[in-house]
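Every chain is numbered from 1 and lettered A, B, ... according to where its sequence line falls, protein lines coming before strand lines.
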Amino acid sequence: MSEVKVRFAPSPTGELHIGGARTALFNYLYAKAEEGTLVMRIDDTDLERSREEYVDKLIESLHWLGLGWDEGPYFQSKRLDVYSNEAERLLSEKKAYYCYCSVDELASGRERARNENKQYLYPGNCRDLRDNQVEAFEAEGRKPVIRLLIPDTGTTVVNDLIRDKVSFNNSDLDDFIIIKSNGLPTYNFASIVDDCKMNISHIIRGEEHLSNTPRQLLCAKALGYKLPAFAHVPMILAPDRSKLSKRHGATSVEEFRSEGYLPEALVNYMALLGWAPGEDRELITLSEMIALFNLGKVNKTAAIYDTSKLSWINGNYMREYDTDKLAKAALPFLKEKYATENHGKMKDEEYIKKVVSAVKERAKTLKELSEIADYFFKDNFDYDEKGVKKNFKKEGTVDLLKTLKSELKGLDILTSANTEELFVRLCESGKVSLGRLMGPTRLALTGKTGGPAIFDIMEILGKDKVTERLERAIYYIENMMDS
RNA sequence: GGCCCCUUCGUCUAAUCGGUUAGGACACCAGCCUUUCAAGCUGGCAGCAGGGGUUCGAAUCCCCUAGGGGUCACCA
């Protein structure tokens with residue numbers, strides 16, 4: 001074990017979105033690359049918004065992605081005494097003070113600053129309260145907050161592994177709240193207290209935290225902590241360059257999962273957002289990433305996520321996946337889509353495997369796989385319009401299908417080999433091209449014009465289904481079609 | 001608005017200390033392959049935000065402008 005200790009510290013206020021997931025990934029990669037420790041911490045100091053169900057979802061998503069941790073999860077809500085003790089220390093050392101200003105009282109100042117187009121800073125009303133003032137406030141029943149005393153001058157420098165040194169003027173910062181009036185710590189306080197108390201060596205997090213870092217640094221300094229290193233990774237933006245939100249479609253890991261993306265593919269894709277393994281590599285496994293990962297090579301630029309590349313990556317993984325494994329992954333999608341078809345095939349593992357194996361290289365997601373395999377699980381599909389025009393409406397098609405149907409009777413079971421032989425024989429004696437027979441057959445059996453090899457389809461479907469569908473097509477052509 | 005960060009093809013990115021016909025991938029287009037559809041292969045389209053410097057030489061260093069993002073909560 002090295003000295004490297006990093007943490008992933010989500011707050012359980014929603015599902016794990018792709019930005020947070022990538023932050024987790026980078027923490028994971030760095031920890032593994034440096035043979036360090038990854039700590040999982042739940043930053044749940046916001047009682048209003050934190051939900052236990054989200055904790056479970058967060059963990060579930062991380063597990064699904066294959067990103068494990070070495071320590072934790074720790075819950076900030078269970079460490080409240082730590083924060084109040086540290087705040088007490090600050091109070092006794094005069095580095096922090098009680099503030100009795102109410103939200104309403106402060107609002108007017110904020111409003112004024114806003115109207116004058118100036119930035120609002122807490123004026124420090126309660127910096128030097130006299131005892132009798134405190135008594136008066138207490139008598140009113142006011143519950144104070146605790147504010148950190150910020151130096152009026154000087155600069156605070158964030159040493160960032162990705163962005164180098166970033167400096168802030170202390171005069172732009174105000175005495176911010178570290179303990180709320182309900183006794184709970186604010187994020188800027190709890191976060192840095194834990195990071196330091198837990199001996200986190202590197203804080204790797206999203207860029208949205210960069211502006212808050214000087215506040216946390218000031219806390220750490222006041223508390224006398226040894227300062228950790230920082231690495232602020234760029235944000236992931238929606239396709240319109242705006243911040244990710246619900247209206248941008250799938251943004252949470254859970255949503256990508258239900259869209260039918262494989263965890264390996266999502267991880268691969270996320271790694272490529274803001275980092276390049278080098279040597280023009282695009283497809284890369286988690287363990288290969290670990291070997292190649294380097295925090296200093298992480299980009300500074302925000303990335304826009306683009307699902308078309310994710311889909312391409314996903315297609316690659318699907319093709320590489322072992323059939324058993326892919327069948328297992330695809331099953332929930334198949335079930336969801338065809339549960340009501342009463343086809344009886346959903347419990348037939350061998351059948352599912354054959355289907356998956358036949359269609360897997362034609363789909364980019366599991367969801368798409370389940371869609372293009374519909375004819376394996378339902379009988380009353382429609383015929384593709386263009387296919388009907390091209391195949392069924394041609395003179396002689398019915399006879400071709402009728403011949404095929406009766407010739408099929410001579411075969412005990414259908415295999416891709418014996419059906420192909422049959423087709424070749426039929427076409428030769430009937431003096432038609434193979435394609436002339438295959439097109440209508442495909443449409444009759446699947447309703448589509450494309451898909452897996454037709455002989456494979458016949459083998460999987462089996463003699464009864466094939467015969468049944470040929471009959472259905474013959475009936476359709478003879479009775480349902482307006483020529 | 002103050003402060004902070006960022007800016008290479010449509011998108012993700014590469015380009016050791018400044019010297020490259022600015023490379024790769026996705027997407028798109030075309031061709032090949034093919035008993036369909038995919039996959040695969042080959043080729044094509046497409047970029048250094050703009051302007052000033054510094055330098056023999058700048059995507060790379062400096063400044064300005066523009067644009068994008070973040071943050072300024074008793075949210076995290």
Side-chain angles (χ1 to χ4, degrees), chain A residues 9-14 43-46 48-50 76 99 101-103 106 110 113-114 116-121 143-147 158 160 162-163 166-169 171-174 176-188 190-191 206-215 232 234-235 237 239 241-243 269 272-283 299-313 315-316 319 359-364 372 387 420 423-424 427 433-439 441-443 446 448-455:
Chain A
S11 62
T13 53
D43 284 7
D44 56 350
T45 53
D46 183 351
E48 307 273 300
R49 299 196 306 154
S50 294
Q76 289 196 321
C99 167
C101 299
S102 71
V103 178
L106 264 17
R110 226 173 244 133
R114 207 185 139 74
E116 290 170 17
N117 240 334
K118 280 198 249 173
Q119 85 164 313
Y120 172 78
L121 294 177
K143 292 266 180 279
V145 299
I146 300 176
R147 289 180 185 270
V158 179
D160 194 286
I162 295 172
R163 287 151 214 281
V166 182
S167 62
F168 297 83
N169 288 322
S171 57
D172 288 326
L173 269 25
D174 62 2
F176 62 93
I177 295 171
I178 57 177
I179 300 287
K180 306 177 225 174
S181 58
N182 63 4
L184 297 180
T186 56
Y187 165 76
N188 281 321
S191 174
E207 194 194 340
E208 68 270 28
H209 293 289
L210 183 55
S211 299
N212 275 322
T213 306
R215 290 172 229 278
H232 287 95
M235 311 234 322
L237 268 25
R241 297 208 128 273
S242 70
K243 206 174 174 180
Y269 178 66
L272 260 26
L273 253 30
W275 176 69
E279 295 168 16
D280 293 333
R281 297 213 39 195
E282 306 286 341
L283 267 11
N299 269 295
K300 298 183 180 75
T301 329
I304 296 169
Y305 80 97
D306 166 31
T307 46
S308 66
K309 185 152 183 178
L310 207 209
S311 292
W312 173 76
I313 291 174
N316 276 279
R319 269 174 264 131
V359 302
K360 71 174 186 180
E361 63 183 48
R362 292 170 173 79
K364 292 199 186 312
I372 63 173
E420 178 162 9
F423 267 58
V424 171
C427 290
S433 71
L434 262 181
R436 179 67 186 93
L437 176 58
M438 289 169 69
T441 305
R442 175 180 294 282
L443 191 64
T446 72
K448 302 181 198 307
T449 55
I454 188 64
F455 308 119

message = Using OP1 and OP2 only, check whether a side-chain N or O of Lys180(A) sits under 4.0 Å from C75(B).
response = yes

request  = Counting Watson-Crick and G-U wobble pairs only, both distances under 3.5 Å, name the nucleotide matched with C29(B), or none.
outcome  = G43(B)

message = What's Lys360(A) touching, base or sugar-phosphate or nothing? Going by heavy atoms closer than 4.0 Å.
response = nothing

message = If we ignore hydrogens and angles and just use 3.5 Å, is the side chain of Arg49(A) paired with the main-chain N or O of Gly14(A) as donor and acceptor?
response = no

task = Please state how far atom CD1 in Ile454(A) lies from atom C1' in C37(B), giving the value in whole angstrom units.
result = 11 Å

ask   = Whole Å only: how far is the CD atom of Glu48(A) from the P atom of C75(B)?
value = 8 Å

message = Looking at U7(B), I'd like to know if its phosphate oxygens (OP1 or OP2) sit under 4.0 Å from a side-chain N or O belonging to Asn299(A).
response = no

query = How is Val103(A) classified with respect to the nucleic acid when contacts are heavy atoms under 4.0 Å: base, sugar-phosphate, or nothing?
reply = base

key: Minimum-distance nucleotide to Tyr120(A) side chain [options: A73(B), A25(B), A76(B)]   = A73(B)

ask   = Under 4.0 Å: is that the gap between some side-chain N or O of Arg49(A) and OP1 or OP2 of C74(B)?
value = no

task = State the pairing partner of U16(B); accept Watson-Crick or G-U wobble contacts with both distances under 3.5 Å, and report none otherwise.
result = none

note = Heavy-atom nearest nucleotide on RNA chain B taken for Gly435(A) and for Ser242(A); more 5' hit belongs to Gly435(A)

note = Of the listed A38(B), G70(B), A25(B), the closest approach to the Trp312(A) side chain comes from A25(B)

query = Across the strands shown, which category fits Arg442(A) at heavy-atom distances under 4.0 angstrom: base, sugar-phosphate, nothing?
reply = base

Nearest listed nucleotide, side chain of Thr301(A), among C12(B), C6(B), C74(B) = C6(B)

request  = Please work out if Ala453(A) contacts a base, only the sugar-phosphate, or nothing of the nucleic acid, heavy-atom cut-off 4.0 Å.
outcome  = base

request  = For G68(B), take OP1 and OP2 only and decide whether either is under 4.0 Å from a side-chain N or O of Lys300(A).
outcome  = no

request  = Check every strand shown and say whether Lys243(A) touches a base, only sugar-phosphate, or nothing at a heavy-atom separation below 4.0 Å.
outcome  = sugar-phosphate

Short side-chain N/O contact from Thr186(A) to OP1 or OP2 of A76(B), under 4.0 Å = no

remark   = Rounded to whole Å, CZ of Arg281(A) lies from P of A15(B) at a distance of 16 Å

Pairwise C1' distance for G52(B) and U11(B), with rounding to whole Å = 31 Å

request  = Looking at every strand, decide which applies to Cys427(A) at a 4.0 Å heavy-atom threshold: base, sugar-phosphate, or nothing.
outcome  = nothing

inquiry  = Taking pairing as Watson-Crick or G-U wobble with both contacts under 3.5 Å, can you name the mate of C72(B), or confirm there isn't one?
reply    = G1(B)

Presence of donor-acceptor pair under 3.5 Å, side chain of Glu208(A) and base of G69(B) = no

key: Closest to the Ile177(A) side chain, choosing from C6(B), C74(B), C12(B)   = C74(B)

request  = Just call it for Gly451(A): base, sugar-phosphate, or nothing, with non-hydrogen atoms closer than 4.0 Å on any strand.
outcome  = base

message = With a 3.5 Å limit on both atom pairs, tell me what A66(B) is paired to, counting Watson-Crick and G-U wobble, or say none.
response = U7(B)

ask   = Where the side chain of Leu237(A) is concerned, which of C5(B), A27(B), G69(B) is the nearest nucleotide?
value = G69(B)

inquiry  = Rounded to whole Å, how long is the line connecting atom CZ of Phe455(A) with atom C1' of U34(B)?
reply    = 14 Å

key: G69(B) to A49(B) separation - C1' atoms, rounded to the nearest Å   = 15 Å

inquiry  = I want to verify a distance call: between G70(B), U13(B), G2(B), whose nearest atom is closest to the Asp172(A) side chain?
reply    = G2(B)

inquiry  = Using a heavy-atom cut-off of 4.0 Å across all strands, would you classify His232(A) as base, sugar-phosphate, or nothing?
reply    = nothing

query = Can we say Glu207(A) and Arg163(A) salt-bridge, meaning some charged N sits less than 4.0 Å from an Asp/Glu carboxylate O?
reply = yes

query = Asp280(A) CG to C26(B) C1': how many Å, rounded?
reply = 14 Å

task = Rounded to the nearest angstrom, tell me the gap between atom CG in Asp46(A) and atom P in C74(B).
result = 12 Å

key: Charged N-O contact under 4.0 Å between Glu282(A) and Lys309(A)   = yes

message = Regarding Ser167(A), tell me which of base, sugar-phosphate or nothing describes its non-hydrogen contacts under 4.0 Å with the strands shown.
response = sugar-phosphate

ask   = So what does Gly278(A) hit on the nucleic acid, given a heavy-atom distance under 4.0 Å: a base, only sugar-phosphate, or nothing?
value = nothing

inquiry  = Applying the Watson-Crick and G-U wobble criteria at under 3.5 Å, what pairs with U54(B)? Answer none if nothing qualifies.
reply    = none

message = Test your reading of the model: is there a side-chain donor-acceptor pair from Asp44(A) to the backbone of Gln76(A), 3.5 Å cut-off?
response = yes

request  = For Arg215(A), report the nucleic acid contact type (base, sugar-phosphate, nothing); a contact means any heavy atom under 4.0 Å.
outcome  = sugar-phosphate

task = Take the protein atom CG of Asp306(A) and the nucleotide atom P of C9(B), then report the distance between them rounded to whole Å.
result = 14 Å

inquiry  = Using the P atom as the point on both nucleotides, what is the distance between C56(B) and G47(B), in whole Å?
reply    = 31 Å

ask   = Using the C1' atom in both, what is the distance from U42(B) to A22(B), to the nearest Å?
value = 23 Å

inquiry  = Donor-acceptor check, side chain of Tyr269(A) to backbone of Asp306(A), threshold 3.5 angstrom: yes or no?
reply    = yes

message = Using 30° and 60° as the class boundaries, would you call the ring planes of Phe455(A) and Phe423(A) parallel, tilted or perpendicular?
response = perpendicular

key: Heavy-atom donor-acceptor pair, Ser181(A) side-chain to C74(B) base, under 3.5 Å   = yes

query = Expressed as a whole number of Å, how far does the C1' atom of C32(B) sit from that of G70(B)?
reply = 49 Å

request  = Would you indicate what Ser211(A) reaches in the nucleic acid, counting non-hydrogen atoms under 4.0 angstrom: base, sugar-phosphate, or nothing?
outcome  = base

First encountered from the 5' end of RNA chain B, between Lys364(A) and Gln76(A) = Lys364(A)

Minimum-distance nucleotide (side-chain atoms of Leu210(A) versus C74(B), C4(B), C6(B)) = C4(B)

task = With C1' as the reference atom in both, quote the distance from A15(B) to U34(B) in angstrom, rounded to an integer.
result = 39 Å

request  = Mind listing the closest non-hydrogen atom pair of Ile313(A) and Leu272(A) along with its distance?
outcome  = CD1-CD2, 4.1 Å

request  = Determine the Euclidean distance between corresponding C1' atoms of U54(B) and G10(B); express it in Å to zero decimal places.
outcome  = 35 Å

inquiry  = Would the distance check show the side chain of Asp172(A) and the main-chain N or O of Phe168(A) forming a donor-acceptor pair, the cut-off being under 3.5 Å?
reply    = no

task = Please report, rounded to the nearest Å, how far the P atom of C12(B) is from the CD atom of Glu279(A).
result = 23 Å

ask   = Counting side-chain heavy atoms from CB outward, which of G70(B), C4(B), C12(B) is closest to Ile304(A)?
value = C12(B)

key: Nearest to side-chain heavy atoms of Asn212(A), which nucleotide of A38(B), C3(B), C72(B)   = C72(B)

NZ (Lys448(A)) with more than 12 external heavy atoms under 6.0 Å = yes

inquiry  = Under 4.0 Å, heavy atoms only, any strand: does Ser50(A) hit a base, just the sugar-phosphate, or nothing?
reply    = nothing

ask   = So, does Asn169(A) use its side chain to make a donor-acceptor pair with the main chain of Ser171(A) at under 3.5 Å?
value = no

query = For the side chain of Gln119(A), counting heavy atoms from C-beta on, which of U13(B), G1(B), G70(B) is nearest?
reply = G1(B)

